[in-house]
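Below: the structure, in structure tokens.
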Amino acid sequence: MSKFIKKNWNDWKLLADKELEKNKEKKELEWKSPDGVLFKSLYTEEDLNGLEHLNSFPGLPPFLRGPKATMYKGKPWTIRQYAGFSTAEESNKFYKDCLRDGQKGLSIAFDLPTHRGYDSDHSRVAGDVGKAGVAIDSVEDMKVLFKGIPLDKMSVSMTMNGAVLPILASYIVAGEEQGVDRKFLSGTIQNDILKEFLVRNTYIYPPKNSIQIISDIISYTSKFMPKFNSISISGYHMQEAGATEVQELAFTIADGIEYINAALEKGLNVDSFAPRLSFFFGIGMNFFVEIAKLRAARFLWAQKVKELFNPKDNKSLMLRTHCQTSGVSLTEKDAYNNVIRTTVEAMAAVLGGTQSLHTNSFDEAVALPTESSSRIARNTQLILQHETNICDVIDPLAGSYFMENLTNSMIVNSGNLIDKIMDLGGMTKAIEQGYPNELIEKSALLKQAEIDSGKKVIVGVNKFLNSNEKDFEILKINNSKVIENQLERLKKIKQKRESSKVSTALKNLKNAALSNSGNLLDLSVEAVKVRATVGEISSALEEVFGRFEAKPKISKNIYSENFDDKTIINDLKFSIKDFKKTKGRAPKIFVCKLGQDGHDRGAKVVASSFADLGFEVELSKLFLTPEELFNQAKNSDADVVGISSHAAGHLTLVPKFMDLVNKNKEKFLVICGGVIPKEDYSLLKEKGVSEVFGPGTNLLDAIYKVFNMVKYGKKSNI
């Protein structure tokens, strides 16, 4: 360094030090996130003092800088697109097109009846078949799904938790009948039931029995499927349901610890299965925090596994993860902004060191992606891999004052939350006590209040609105054709198979579940071979374990308390109090969901916000048929029935419900909200729905509108 530069540098350093001394006393330069992460406007070398993780090296424990020594320089992350389109035939065509265009692995989305262990001909599921993924009723569907796709060469990820036994068994048998031995099958089954009890709700059996199934799958795959990941421990759906990044990280690691304990109780050695455990994180718009989260996740997993289980193989300490960009950050309004959002989130996942990635399509705020929108999403990753040189440097943000400090904060705060879960007896007991559920629900309400109050800016939604917005093409699924196709295939299977062999296989499965002996996946494979269906296998186990049913809960005094400007809040509260004084009761809303869609974040946030403002609120249990909802709504004496829709069931289930309302001349108002495209509003209103609230609706505006509908006696168009 020249004398001139040295002299100037020293002068600048003195000025900087003086400025820093002044700023240390200015508290406005520091702030904390709701779960305790400290942020500062300026970070310096001092912020690296005492950080234990700084000596980490990629490819070596604790793997903070990446699970592989060469990371993307050796091999870029795997491009996966999570997809399933109604029938196995249509999905197969889509997968082949994606593989031809640069995708490297498959990620299968199943429809809701399949998730919940029902065949397509079950009376409870007609409105959901093929709506939010591919319908799989038997191994014959699975064989069509992978027709012409060599399963010994293709990594397959399957998002399945409830009906995990018949689905994984069908995949194994489909491989065998394709000529591929199970030992050559590679990929991942999600098999993460604990997060279903937390947020997504596509469970079937109670927690204890579900953990038994998971341990059997871990045992079977560790013995017979050395290339296959027996579980993908998922935080993604927690973040989608409203969890903070700290909560997502802590609860995901705690789930992983629980699964290791379950496998050890089966008599397995930790090193026989832990190297094949994988993870799945959501990536939202909190750019730097998401990068730090992935780095911290690897450190925490290595630390906790070492501390609790003391494995001999370092691979047991290695956290490998798939990531998906956020669905909840996508907006219906000014939807092309979602392309930018997804790109930013994808970059965070890559800079954080993910092993594979799904990028959401811009139109997924309202529907399944079209071929065109899927291509844009996939090309986002191809551009990052091939045009940015982003793969050339391993962990490029390492050493950043801010990033290393933030990574440490994520480690500390998430670590403290993991310790709290352990003090409660582990994740299963914590869930039974409702502790993590409560934290996530509170966080979801805080986030909604920030958006509705304008504290958090969403471009095109609550600021910088587009006055010239144009509609875009969305994908429509013909539900009746899907059902027709599935029923025909089910009929053929049942005609051709030997019923006695099916009965014997299902009896063996049931007896094993009763006596807790034998391996349930092994017995499911035998049942699938003789053509037992997904529904039949699930039903056999349900007869032993029962079907789990969650109890709905409403959180209060969170939403309204997080508005700085209380003017509108107080005006609305006063009007509702005045209504109560005049009528002798509060206005009442019955909030519910229809069909097999378990995504209940929207319903809970709506119920809690209405309750905060003074409505009497009743929240229904999940998975109602139109007939069950009608009977409950009629007996609730509600002024308004609010139906939350997430998975396109509004086009089949809501019309059936409205037919019952109209036929019986019920007087309550009906409103719908959630993932509903604008072009569907008219159909719902023709059926008698009074109002439709689409994605991005300001809840305060919705409450005001609904209250006025009740106050002035506006009824549905019966």
Side-chain angles (χ1 to χ4, degrees), residues 82 84 109-116 118 124-125 127-133 159-163 190 192-204 234-243 248 251 280 282 284 324-332 358 360 364-369 436-437 440-441 443-445 447-448 477 548-555 591-609 619-624 629 642-654 672-677 693-697 699:
Y82 176 56
F110 298 96
D111 74 350
L112 293 168
T114 304
H115 275 288
R116 296 267 294 145
Y118 294 114
R124 297 192 69 85
V125 302
D128 288 308
V129 175
K131 279 287 189 181
T159 300
M160 177 54 63
N161 303 286
Q190 190 164 98
D192 178 9
I193 202 64
L194 287 176
K195 67 84 177 159
E196 299 295 334
F197 294 112
L198 264 178
V199 289
R200 190 166 172 251
N201 300 313
T202 53
Y203 43 69
I204 302 177
S234 174
Y236 176 85
H237 300 95
M238 298 179 199
Q239 187 176 137
E240 293 291 278
E248 178 195 7
F251 298 155
F280 174 26
Q324 180 174 338
T325 59
S326 174
V328 95
S329 71
L330 302 177
T331 65
E332 179 193 32
H358 165 92
N360 286 332
E364 288 186 69
V366 289
L368 287 172
N437 313 59
I440 292 173
E441 286 164 20
S443 174
L445 283 163
K447 288 180 181 180
Q448 189 64 48
I477 300 295
F548 181 78
E549 190 174 288
K551 295 177 182 177
K553 183 183 175 185
I554 298 171
S555 301
V591 180
C592 55
K593 290 188 70 70
L594 276 170
Q596 298 305 306
D597 173 26
H599 292 89
D600 62 350
R601 176 200 182 199
K604 285 182 175 178
V605 167
V606 167
S608 298
S609 58
L619 180 60
S620 80
K621 66 180 184 179
L622 293 169
F623 313 122
L624 297 177
L629 173 57
I643 303 172
S644 172
S645 178
H646 185 88
H650 63 276
L651 289 177
T652 49
L653 298 168
V654 174
C672 289
V675 182
I676 303 175
F693 299 99
T697 295
L699 274 181

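Since this is a predicted model, take the numbers as computed values, not measurements. If you read the sequence from its start, that first residue is 1, and numbering goes on from there.
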Open item on the list: Measuring only between side-chain heavy atoms, which start at C-beta, is F693 closer than 4.5 Å to V606?
Closed with: no

- [ ] Flag the pair K195 / S234 as yes when at least one side-chain heavy-atom distance between them is below 4.5 Å, and no otherwise.
- [x] yes

Open item on the list: Strictly distance-based, threshold 3.5 Å: is any side-chain N or O of E248 a donor or acceptor partner for the main-chain N or O of G282?
Closed with: yes

Task: Test side-chain contact (heavy atoms from CB on, under 4.5 Å) applied to S326 - qualifying residues, sequence neighbours left out - done: E240, V328, S329, E345

TODO: Report yes or no: does D111 contribute a side-chain atom to a donor-acceptor pair with the main-chain N or O of V129 at less than 3.5 Å?
DONE: no

Open item on the list: Less than 4.5 Å apart, side chain to side chain, heavy atoms only: is that true for H599 and V675?
Closed with: no

Task: Least distance between heavy atoms, V654 atom then C672 atom - done: CG1-SG, 3.9 Å

Open item on the list: Could you report the tightest heavy-atom contact between A241 and A444, atom names first, then the distance?
Closed with: O-CB, 3.4 Å

Task: Main-chain N/O of K593 paired to S644 side chain as donor or acceptor, under 3.5 Å - done: no

Open item on the list: Has D600 got a side-chain atom pairing as donor or acceptor with A603's backbone, closer than 3.5 angstrom?
Closed with: no

Task: Over all atoms of both residues, closest heavy-atom pair of P677 and V366 - done: CG-O, 3.6 Å

TODO: Return the orientation label for the F197 and F548 ring planes: parallel under 30°, perpendicular over 60°, tilted otherwise.
DONE: perpendicular

- [ ] Report yes if the side chains of L198 and H237 come closer than 4.5 Å at any heavy-atom pair, otherwise no.
- [x] no

TODO: Kindly say whether A109 contributes a backbone atom to a donor-acceptor pair with the side chain of T159 at under 3.5 angstrom?
DONE: no

- [ ] Going by the side-chain contact (heavy atoms from CB on, under 4.5 Å) test, name the single residue among L112, T202, L624, L653 that passes it with Q596.
- [x] L112

Task: Straight-line distance of E549 CD to L622 CG, nearest 0.5 Å - done: 9.0 Å

TODO: Would you name the heavy atoms of R124 and F623 that are closest together and state the gap between them?
DONE: NH2-O, 2.7 Å

Open item on the list: Is any side-chain heavy atom of K447 closer than 4.5 Å to one of V605?
Closed with: no

- [ ] Go through the structure and list residues passing side-chain contact (heavy atoms from CB on, under 4.5 Å) with L194, not counting sequence neighbours.
- [x] D192, I211, D255, E258, Y259, M427, T428, I431

Task: Exam field: side chain R116 to backbone Y203, donor-acceptor pair closer than 3.5 Å - done: yes

Task: Rounded distance (nearest 0.5 Å) linking atom CD1 of I193 with atom CE of M160 - done: 10.0 Å

Open item on the list: With a 3.5 Å distance limit and no angle check, can you tell me whether E441 reaches the backbone of K604 through a side-chain donor-acceptor pair?
Closed with: no

- [ ] Check step by step if side-chain contact (heavy atoms from CB on, under 4.5 Å) holds for E196 and Q190.
- [x] CA-CA 11 Å; E196 299 295 334; Q190 190 164 98; 4.2 Å; yes

Task: Nearest non-hydrogen partners of A365 and E332, listed with the distance - done: CB-N, 3.8 Å

Task: Counterpart residues, side-chain contact (heavy atoms from CB on, under 4.5 Å), relative to S608 (two or more places apart) - done: L445, I554, S555

Task: Within-4.5 Å side-chain heavy-atom neighbours: D597 and K131 - done: no

- [ ] List the steps, then state whether side-chain contact (heavy atoms from CB on, under 4.5 Å) holds for V199 with R601.
- [x] CA-CA 8 Å; V199 289; R601 176 200 182 199; over 6 Å; no

